[in-house]
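Before any comments, here is the structure.
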Amino acid sequence: MNRNLAKHLPHYRTIAVRIALAYLLVSGLWILLSDQILAALVDDPQTLTLLQTYKGWLFVVVSSALLYGIVQRYVFFHSRHEELMRKVVFGISAEVGEAFFANLVEQLSHSLETDVAIVGRYVGDRRHQVETVAVFSQGKPMENFACALADSPCALLDKGTYFITSGAKVQYPDDSFLQQMSIEGFAGTQLVDSTGRPMGLIAVMSCRRLSRPQRIASFLQIFAARASAEMERLRAEAMISDMAYYDQITGLPNLYSFSEKLARTVSGRTESAMPLAIMLIDLDRFKAFSRTLGHLNSNLLLKEIVRRFRGEISEKDVLAKFGDDEFALLVEVRSPEEAAGYAERLLACLKRSLSFAGHELHLTASIGIAIYPHDGVDAEVLLKNADAAMCRTKEMGRNGYQFYYPEMTQLSLQTLILENKLHKALEREEFALRYQPQLDLRLGQISGMEALVCWNYPGQKPVPPLDFIPLAEETGLITPIGEWILRTACAQNKQWQEEGFPAQKVAVNISARQFYQYDIAALVGSVLESTGLDARWLAVEITESVLMQDVEQTIKILHRLKDMGVQVTIDDFGTGYSSLSYLKQFPVQTLKIDRSFIAGIPGDHEDRAITAAIIAMAHTLDIQVIAEGIEREAQRQFLESKGCDKIQGFLFSPPLSVDEFRSLLAAQQPPP
């Protein structure tokens with residue numbers, strides 16, 4: 001309570017002392033004067049004694065009557081006060097939200113018989129401005145308004161309850177509300193949350209002089225406590241709602257909010273209305289960027305992406321964020337061509353070079369587009385179809401966009417069926433390894449093999465890797481499948497060695513998910529230890545695109561594998577970055593030339609030139625070269641002439657079962 005109010009409120013002890021002194025004074029005067037008057041009027045001692053006795057009883061009766069009146073008045077006042085407070089508290093407790101505050105200010109104004117009662121919340125952390133939540137003025141509710149706190153008595157509420165008995169409009173001539181309402185008296189206090197942080201204010205104003213400040217102060221404190229509790233509850237409710245409907249990093253609507261908006265939009269759509277384009281935008285390789293940049297920088301990058309997207313759309317378009325790296329866009333379009341224009345602008349704004357956290361980033365995205373009403377008339381179907389189109393974009397190589405067409409749904413259904421079967425394939429032991437031998441061109445004999453997995457689905461012909469490995473990577477099943485491949489290949493290679501066959505190096509493909517999301521070096525070490533295979537007889541094959549997702553992390557992982565004695569092979573070389581700079585950084589021992597370059601040999605001049613250059617470059621760096629996909633003798637002869645170390649393909653041998661590969665090893669052994 002501040003000094004401004006305190007000077008208007010008598011202290012209870014002071015009141016008690018005043019009453020006691022008044023009683024003492026009256027009692028003393030009564031005794032003193034009554035005795036003197038009786039002594040002057042009565043001479044008879046016996047009569048004087050009798051009158052003094054009567055005088056004493058009269059004093060007792062008068063005192064009792066006076067005390068009865070005081071106590072009765074006190075009890076009546078407090079009973080009335082408590083009854084009024086019970087009614088007020090019950091009245092304002094029966095409502096919540098806006099109705100609560102509207103009822104509160106009305107009850108407060110009536111209880112204190114003031115002309116105005118307001119509740120307001122501070123705008124911003126610095127509390128320079130307040131916006132009213134509820135206003136009751138001149139016997140009726142008033143529209144809410146916002147005003148600055150400067151040059152207003154509300155600015156002093158941070159010091160406690162502030163009280164102006166009269167002359168408020170004179171003290172604050174720049175407060176337009178006080179002037180407009182001709183306010184004389186003002187009383188107010190702050191609203192604070194459970195941690196003591198200011199949230200707003202509650203105040204009453206009167207066009208007359210304010211009286212009974214003690215009563216006003218007590219009412220304000222009670223009403224402020226209720227108003228603070230309700231305001232804090234609404235704030236918590238708003239925070240929960242915000243978390244449920246909006247992305248906390250970018251502030252964009254989330255999937256739930258976007259779906260509701262889309263549902264409302266299409267439900268009220270007329271046949272003559274413009275078509276709608278629903279776009280799902282998935283950032284390509286964003287998780288790799290996130291690992292490189294770190295959590296905080298990734299959030300800043302997302303905000304920059306949102307800023308760029310907003311620069312390509314209008315304010316009426318709805319941009320939302322799904323998950324970690326997926327966005328959605330809802331726009332009105334006149335034609336599919338206009339929707340394609342939106343997609344192209346979004347892709348173009350991502351491609352613009354971005355220097356971020358010391359890295360030069362080049363972002364791309366995969367976009368799927370569904371058009372209302374052509375591709376669906378309800379939100380769920382439209383989102384599902386846009387997602388199918390986005391997945392198709394990824395399958396087509398990413399960094400582009402695709403419109404939905406009905407066949408995509410059938411493909412998605414087939415993929416779902418395949419995924420369900422894939423989940424059970426490992427536990428049912430439906431996978432098998434085949435081994436494709438590699439021929440050493442200088443020695444003319446087997447020198448290693450590649451382990452290839454196939455899926456022996458019951459009742460059907462074996463499913464090749466290209467038909468299920470991408471799905472396994474997408475669903476995460478590649479992790480247990482990949483570990484099974486690695487363990488089975490190492491165990492089989494060790495068994496052939498124990499059977500007396502010459503030691504061969506077995507190559508196993510490692511997926512991106514295995515390489516980065518799990519400790520691949522620790523897994524390889526564990527498998528080698530459990531199978532007993534020497535590390536020099538294992539090679540791990542990793543594609544260029546996987547290696548380049550996070551160069552710093554890649555170098556650390558490759559050095560750990562090299563230190564263990566495991567050979568590292570770059571698979572599909574020539575289709576990715578094919579840069580000398582990273583070949584110098586990465587501790588690799590072998591390159592495998594992609595079959596797309598081998599297919600054109602010897603007829604295609606460019607394929608011959610590229611293949612010869614790769615071989616020469618690798619040998620300069622003391623790296624071996626394997627060419628895969630060899631199907632013709634002319635290809636073998638060309639590669640041999642250019643110094644290629646090994647070849648792999650159907651010309652020499654297709655992938656073989658365990659027994660077939662054992663027979664091949666036995667046939668290669670010299671007779672005893």
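Since we're looking at a predicted model, the values are computed, not measured.
The backbone N or O of Ile485 sits nowhere less than 3.5 Å from a side-chain atom of Thr488 that would complete a donor-acceptor pair. No donor-acceptor pair closer than 3.5 Å links the side chain of Thr393 to the backbone N or O of Gly368. A donor-acceptor contact shorter than 3.5 Å is absent between the side chain of Glu312 and the backbone of Leu346. Side chain of Arg308 to backbone of Cys349: a donor-acceptor contact under 3.5 angstrom is found. No side-chain donor-acceptor contact under 3.5 Å links Asp387 to the backbone of Leu383.
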Val306 vs Leu302, test: side chain to side chain contact (heavy atoms under 4.5 Å, CB included). Steps then yes/no.
CA-CA 6 Å; Val306 170; Leu302 284 170; 5.5 Å; no

Pair Gln514, Thr479 - check side chain to side chain donor-acceptor pair (under 3.5 Å), show working.
CA-CA 6 Å; Gln514 287 177 285; Thr479 302; over 6 Å; no

Start with the C-alpha distance between Asp282 and Ser366, add both sets of side-chain angles, then the distance that settles side chain to side chain donor-acceptor pair (under 3.5 Å), and finish with yes or no.
CA-CA 5 Å; Asp282 187 80; Ser366 300; 5.4 Å; no

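One distance of note links CD1 of Ile630 with CD1 of Ile601; it measures 7.0 Å at 0.5 Å rounding. Once rounded to the nearest 0.5 Å, the distance linking CD1 of Ile598 with CD of Glu631 reads 11.0 Å.
Relative ring orientation between Phe431 and Trp484 is described as tilted, the plane-to-plane angle lying within the 30° to 60° band. Using the six-membered ring where Trp is involved, Trp496 and Tyr435 have ring planes that are perpendicular, over 60° apart on the 30 and 60° scheme.
Listed here is the closest heavy atom pair of Pro587 and Val568: O-CB, 4.0 Å. Pairing each heavy atom of Pro253 with each of Leu319, the nearest pair is CD-O, 3.2 Å. In terms of heavy-atom proximity, Leu350 sits nearest to Ala365 at CD1-CB, 3.5 Å. When all heavy atoms of Asn254 and Ala320 are compared, the closest pair comes out as O-CB, 4.4 Å.
Within the 4.5 Å cutoff, no side-chain heavy atoms of Lys505 are placed close to those of Asn493. Within the 4.5 Å cutoff, the side chain of Glu499 has heavy atoms near those of the Arg662 side chain.
Looking only at atom types and distance, the side chain of Ser335 has no donor-acceptor partner in the side chain of Glu338 under 3.5 Å away. With hydrogens and angles left out, the side-chain atoms of Gln438 and Gln648 include a donor and acceptor closer than 3.5 Å. At a cut-off of 3.5 Å, with distance as the only test, no side-chain donor of Asp659 or Ser657 sits close to an acceptor on the other residue. Checking Gln497 against Asp534 by side-chain atom types alone, no donor-acceptor pair falls below 3.5 Å. Checking Thr364 against Arg398 by side-chain atom types alone, no donor-acceptor pair falls below 3.5 Å.
Under a 4.0 Å N-O distance rule, the pair Asp375/Lys384 does not qualify as a salt bridge. Ion pair Glu640/Arg636 flagged as a salt bridge, since at least one NZ, NE, NH1 or NH2 atom sits closer than 4.0 Å to an Asp/Glu carboxylate oxygen. A salt bridge is defined here as a Lys NZ or Arg NE, NH1 or NH2 lying under 4.0 Å from an Asp or Glu carboxylate O, and Asp645 with Arg442 meets this definition.
Heavy-atom neighbours of Gln445 CD from other residues, nucleotides or ligands within 6.0 Å: above the threshold of 12.
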